[in-house]
Amino acid sequence: MSAASDLPPPVITPNFLGTLRTLRKLVRNPMEAWPAGVYTDPYVVSHMLGRNTMFICDPDLVQQVLVDDAESFVKAEPMRRSLEPALGRGILTSEGARWRLHRRVSAPVFRPAHVNNFIPAMITASREMRDVWATLPEGAPLEITHEMMRVTFEIILETMLSGRGNTDVARVEVSIRDFLESTSWQTALSALGAPTWTPFPGKSRSERGGDYLRHIVTERIVERRVSGERRNDLLSLMLDAKDPETGEGLDDTDIRDNIITSIGAGHETTTLALTWTFFLLARNPAIESRVLSEIAQVTGGAALEAGQVAELTYTRQVVQESMRVYPPVAMVVRQSTRDLKVGGVKITPHDNVFVPIYAIHHHTTLWPNPDVFDPERFAPEAVKARHRWSYLPFGAGPRICIGMGFALLEAVAILGTLLPASRLSAEPGFVPTPKLRVTMRPAEGMPMRLHRRG
Ligand code: HEM
């Protein structure tokens, strides 16, 4: 194992707070409103902002709620309310028959046979970034979240829509950031029962961001419908996809919402997985050396090729462990639709059940030395020895992330291309604070410095 790291969980104040203070914490950083017991107990029952809320941490309870009894839960209203204005009613935000149709139509699109075809686009974008970095001076400062946003966005545009066309990439980046900033207000206002028209700081900016995203994707759909052209991208697959049971397809609004959902759900999350990975590698040079040896062995010292990505098994373990220490999606939320018992606790309709992924990944009974970064935890034997649902970066059950395979390939392709050319160092003494905004980002960004490898 590497040396013990100084990456403690964020300070959690037990939730005996008044409504106003809880609300303030929810807007600032919802992880601060989690009860302290989420890091040590099988579950914690709390009463937050007028709602019974159960935080579940025991993997058996996670299995019950997300897998076995998944039909008895829906995504919680505050989550839907915060995501729908930008993502529309695609697969991530739908429920019931609508969700089933979207999932059945989309699932084949994300099968390995299709996703593997996207690896060359992942490699090309990574090489472009490698070449840009090669022009920067030794020790150049880089905001790594921003850099990873750029490369993952190139990849998502290429694989979803066959390129950027006339898309204003900077405007899309700002749109996504404005929208994410609005989500914690939406969540807090929804928890208070405030109507959807309630104003809050940044609301119209985030609405304009959503309008722009819808506009660019609609334009592409119309172009393809008119030309009948098909390309090696997700949009073409979606235009032709049919429900295997009924033969039903999706209309243009549904396709638009699902493309935006994939951009929204896939771009920011993968960016953060990579951001945290670079930070952890910078702090753990022995692990970084092992990654470099693996890459050199697989590539023979040449540039990584698409067909070699799957062979980088240790690099993949590094990404998996990084997503344990810093899961890009730190919590999933559900609301029950019926009376049932979870871990002996009576749950009634509309009660919240929270799965605090970050806390489960740092739970003292599930992970020895939970704050230590150790990719050996993802060696095949170690994985087999653990409860499957003690590790949940992609959720679990029928609503598990549809882009899981895509994201892992992408992260490994990017690391495998960038790392042999460049080393990134963390600013001395810098310890990032994880902050929850649907995704878990470093509150202060991730300032690093670029060094060329000799
Ligand atoms: C490291 C990167 C990623 C992480 C950590 C991540 C995480 C997650 C999680 C935790 C969920 C479940 C949410 C819930 O149960 O409430 C989810 C769902 C989803 N993800 Fe990802 N994701 C990643 C990348 C991607 C990519 C690349 C795509 C698409 C290209 C994608 C598309 C989706 C979609 C469409 C859903 C909704 C599935 C459904 O409700 O049936 N994700 N993701």
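Values reported hereafter were calculated over all heavy atoms of this structure, with side chains retained and with hydrogens, waters and symmetry mates removed. Read the numbers this way: they start at 1 and go in the same order the structure lists the ligands and their atoms.
By the 3.5 Å distance cut-off applied to N or O atoms, Thr270 is not counted among the residues near ligand 1. Where the criterion is an N or O separation shorter than 3.5 Å, residue side chain and backbone included, Thr261 fails it with respect to ligand 1.
Of the candidates Val115, Leu408, Thr269, the one placing a heavy atom closest to atom 2 (C) of ligand 1 is Thr269. By heavy-atom distance, the residue among Arg103, Met404, Arg100 lying nearest atom 39 (C) of ligand 1 is Arg103.
Between Asp211 and Arg208 no salt bridge is recorded (no basic side-chain N to carboxylate O distance below 4.0 Å).
Residue contacts with ligand 1, taken as heavy atom pairs separated by less than 4.0 Å, involve Lys75 solely via side-chain atoms from C-beta onward. At a heavy-atom distance under 4.0 Å, only side-chain atoms of Val332, from C-beta outward, approach ligand 1. Heavy atoms of His102 found under 4.0 angstrom from ligand 1: none, in either backbone or side chain. Looking at Phe406 against ligand 1, only its side chain comes within 4.0 Å, counting heavy atoms. Contacts between Arg334 and ligand 1, counted as non-hydrogen atom pairs separated by less than 4.0 Å, involve the side chain only.
Ala265 CB, 3.7 Å is the protein heavy atom nearest to atom 32 (C) of ligand 1. Distance from atom 18 (C) of ligand 1 to its nearest protein heavy atom, with residue and atom name: Cys401 CA, 3.5 Å.
Ring geometry for Phe279 versus Phe430: interplanar angle over 60°, hence perpendicular rather than tilted (30 to 60°).
Here the closest heavy-atom approach between residue Val355 and residue Val62 is recorded as CG1-CG2, 4.2 Å. For the residue pair Arg225 and Asp252, the shortest heavy atom distance occurs at NH2-OD1, 2.6 Å.
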